[in-house]
Protein chains: 2
Amino acid sequence: MASPESSNSLTDTKARLLDAAERLFARAGIAATSMRAVTAEAEANVAAVHYHFGSKGELLRAVFERRIAPVNEERLKRLDDLEAAGRGPSVDALVEALVRPALEFASRHPGLSELVGLLQAEPADEVGALFEEVFAETIERFTAALARALPELDEETLHARYGFAIGAMVAVITHRGPFATDPAKVIPDLVRFLSAGMKAPAAPSIASAVPTRETP
Amino acid sequence: MASPESSNSLTDTKARLLDAAERLFARAGIAATSMRAVTAEAEANVAAVHYHFGSKGELLRAVFERRIAPVNEERLKRLDDLEAAGRGPSVDALVEALVRPALEFASRHPGLSELVGLLQAEPADEVGALFEEVFAETIERFTAALARALPELDEETLHARYGFAIGAMVAVITHRGPFATDPAKVIPDLVRFLSAGMKAPAAPSIASAVPTRETP
DNA sequence: GTCTATATGTTGATAGAC
DNA sequence: GTCTATCAACATATAGAC
């Protein structure tokens, strides 16, 4: 089926470069990681990364997409399942569908953890556009589903709470806090915390407050 | 009172270097910001930063400490006030004392926002030790106060929730989410969300669950 | 596809005149 | 305290042999 000599060891270098770049970007940051270090770690040549990716920026993009795409696919699959089975998934179920795939992937691929950390603080120059592009669908689908589960929240509050939740989740993924390393422990903890926050009573809007008596 | 010629323009360069470094570190990251860029922005000389700070690492440390120290001072002052007035501050009050100073400082000094972003994702080499050192007292005081307000939570869960809260707060500070830019709007929103999360029922511990009947 | 060799620029740090 | 000049080390990127 495969051509006589191409398939295996030829693309091997490319994969090793991705692995090495992920490891080093995560460990020392993007700007501080030289392509020499990447190629050395991958046991490849300095020119190889230019041949396979064209530039350091494109290598970075490939590294991110490889890890983040499957997380979002799993999230959307879980959301599809929730919406298919009966109508109106609970807040807890939605939060878990959003959070669990990310945390489980992160615990399986330690590189993802620190990669997400980079996504958070790396100057938006290169990463910002990638961020928007990769997460747009997930954000839209989940905020819409949460809006249906929490009809009493105005859109602005709901979007803010979604942002709070992502922030807390990112803290766990990047290990910036005293969190259990076992996903089986931390995921329920986080879901419990975030669901309670999501379901908190909305702020009393100034206009609709005290409707019991009108001042003439 | 002041000595004839020293006080003003002599320390001026040092302050300009701090301002410039803060601006550039925030904009492009630490590793990507050269000291040449810093001294150019400060309209100073390449050697000036070595004269005043000794190295790039010490400059970084000075930049962080200048901004973060006052935030923690304000937090601890508010906590002191809460604990002085009556016993047992509420969860909501504690969360607000933790969160409001940071968000208000960040909205007044835009540089702090992106500086906090750096603290989050910069490889822990240099920043990690600084982080531990600067936030240790705040963490200890607030988790202790929260533990008194939430006696039903075990220590591990409480620390984890504290970490979730910091993560959500950092997301707001670094503008990584659809948050209102007006602190008067976002702070109450965040406090409401986090307080509800803090007060969420604890996970049923496997050991103490179903204590209604003992199996022989 | 992978390598060596090299062109060209930038970095952090220092020495020493003023 | 501030400057110019200069260092060795390292960066990205490319050219061309194999």
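Letters A, B, ... mirror the listed sequences (proteins, then strands); counts begin at 1. All values below come from the heavy atoms of this structure, side chains included, with hydrogens, waters and symmetry mates left out.
For L59(A) and dA13(D), the CG to C1' distance is 14 Å, given to the nearest whole Å. Regarding E43(A), its CD atom lies at a distance of 14 Å from the C1' atom of dT2(C), rounded to whole Å. Rounding to whole angstrom units, OH of residue Y51(B) and C1' of dT4(D) are separated by 18 Å.
Residues satisfying the side chain to side chain donor-acceptor pair (under 3.5 Å) criterion with E104(B), sequence neighbours excluded, are R100(B). Residues that satisfy the side chain to side chain donor-acceptor pair (under 3.5 Å) test with K199(B), not counting sequence neighbours, are D92(B). In this view, E133(B) and R61(B) satisfy the side chain to side chain donor-acceptor pair (under 3.5 Å) rule, not counting sequence neighbours.
For CD of E43(A), the number of neighbouring non-hydrogen atoms (other residues, nucleotides, ligands) closer than 6.0 Å is 12 at most.
Pairing analysis of DNA chain D (Watson-Crick: purine N1 to pyrimidine N3 plus N6-O4 or O6-N4; G-U wobble: N1-O2 and O6-N3; both under 3.5 Å) yields stems of 3 or more pairs at C:1-7 with D:12-18, C:9-18 with D:1-10.
Residues V49(B) and K56(B) are not in side-chain contact: their nearest non-hydrogen atoms beyond the backbone lie 4.5 Å or more apart.
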Reading 5' to 3' through nucleotides 11-18 of chain C, protein heavy-atom contacts under 4.0 Å coded B for base, S for sugar-phosphate only, - for none: BBBBB---
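Residue pairs meeting the ring-ring contact (aromatic ring centres under 6.0 Å, His included) criterion with at least one member in residues 16-51 of chain A, sequence neighbours excluded, do not occur.
At a threshold of 4.0 Å, the pair D80(A)-R141(A) counts as salt-bridged, since one of the basic side-chain nitrogens sits closer than that to a carboxylate oxygen.
Counted by atom type alone, N45(A) and T39(A) present zero donor-acceptor pairs between their side chains at under 3.5 Å.
Between T13(B) and dT2(D) there is a side-chain polar atom (N or O) within less than 4.0 angstrom of OP1 or OP2.
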